[in-house]
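Worksheet: the structure to be examined is printed underneath.
All values below come from the heavy atoms of this structure, side chains included, with hydrogens, waters and symmetry mates left out.
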Amino acid sequence: MNSPEQPLPTFDEVLLCTPQTSAEQVGLFLRRCLIPCQGGNKIYTMLYADELSYDVSKRAEELFQHLQCYNSSYRLIILCNCEGENSYLPSAFSHYKVHMIPQRSRAEIQHYLQHHFRVPQPSDSAAAVFKEHMCVGIVSSKRAGMGK
């Protein structure tokens with residue numbers, strides 16, 4: 001985010017974890033991160049790693065320990081909900097823990113995201129229904145079941 005021209009992460013750099021995420025998915029992700037290739041300087045991110053099941057987390061840690069020797073310059077970020085920091089994977093990597101405080105203001109972050117999610121005009125895109133021709137939007141309601 002140092003420059004508006006820096007791209008957003010690509011699909012292969014992010015793993016959004018859920019309780020249904022398989023050990024195979026985590027394994028493929030860790031291999032992309034830890035086995036050196038010509039991919040460049042990607043930053044890999046596991047989101048909600050605290051959601052992984054115990055078995056998947058255990059296998060992920062074992063695979064990480066095994067693959068870590070292949071690449072000493074990997075760039076891996078594991079993000080967890082602070083309420084789930086006592087689950088297996090966050091506990092296993094707790095010695096690497098860094099409490100993060102955003103270095104940019106909310107307005108700067110929003111501007112950066114708007115730059116990347118805006119669909120150029122004129123276009124026949126569904127983005128026309130969102131504010132300022134964004135291709136991403138969030139619809140929320142304080143009342144459940146209201147047809148979002």
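Judged purely by distance below 3.5 Å, without hydrogens or angles, the side chains of Asp55 and Ser57 never pair a donor atom with an acceptor atom.
Using a 4.5 Å heavy-atom threshold, the side chains of Lys58 and Leu89 count as separate. Using a 4.5 Å heavy-atom cutoff, the side chains of Glu61 and Tyr88 are in contact.
Screening Tyr44, Phe64, Tyr96 for a ring pair (Phe, Tyr, Trp, His ring centres under 6.0 Å) with Tyr74, the sole residue that qualifies is Phe64.
Applying the side-chain contact (heavy atoms from CB on, under 4.5 Å) test to Ile78 and every residue at least two apart in sequence or in another chain returns Met46, Ala49, Leu76, Cys80, Phe93. The side-chain contact (heavy atoms from CB on, under 4.5 Å) search around Asp12 returns Thr10, Arg32, Lys42, not counting sequence neighbours. Listed by chain and number, the residues in a side-chain contact (heavy atoms from CB on, under 4.5 Å) with His111 amount to none (sequence neighbours excluded). In this view, Tyr48 and Leu16, Asp50, Glu51 satisfy the side-chain contact (heavy atoms from CB on, under 4.5 Å) rule, not counting sequence neighbours.
Expressed to the nearest 0.5 Å, how far NE2 of His66 lies from CZ of Arg59 amounts to 13.5 Å. Here the CG atom belonging to Leu47 is positioned 5.5 Å from the CG atom belonging to Leu79, to the nearest 0.5 angstrom. The CG atom of Leu67 sits 10.0 Å away from atom CD of Gln65, with the distance rounded to the nearest 0.5 Å.
Residues Leu30 and Ile77 fall into different hydrophobic clusters, defined by Ile, Leu, Val, Met, Phe, Trp and Tyr side chains chained together at heavy-atom separations under 4.5 Å. Cluster membership check: Ile109 shares its hydrophobic cluster with Leu8, using side-chain heavy-atom separations under 4.5 Å among Ile, Leu, Val, Met, Phe, Trp and Tyr.
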Result block: side-chain N/O donor-acceptor pairs under 3.5 angstrom for residues 19-29, not counting sequence neighbours:
{"residue": "Thr21", "atom": "OG1", "partner": "Thr18", "partner atom": "N", "Å": "2.8"}
{"residue": "Thr21", "atom": "OG1", "partner": "Thr18", "partner atom": "O", "Å": "3.2"}
{"residue": "Thr21", "atom": "OG1", "partner": "Thr18", "partner atom": "OG1", "Å": "3.4"}
{"residue": "Ser22", "atom": "OG", "partner": "Gln25", "partner atom": "N", "Å": "3.1"}
{"residue": "Ser22", "atom": "OG", "partner": "Gln25", "partner atom": "OE1", "Å": "3.4"}
{"residue": "Gln25", "atom": "OE1", "partner": "Ser22", "partner atom": "N", "Å": "2.8"}

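Screening residues 6-26 for ring-ring contact (aromatic ring centres under 6.0 Å, His included), with sequence neighbours left out, gives no hits.
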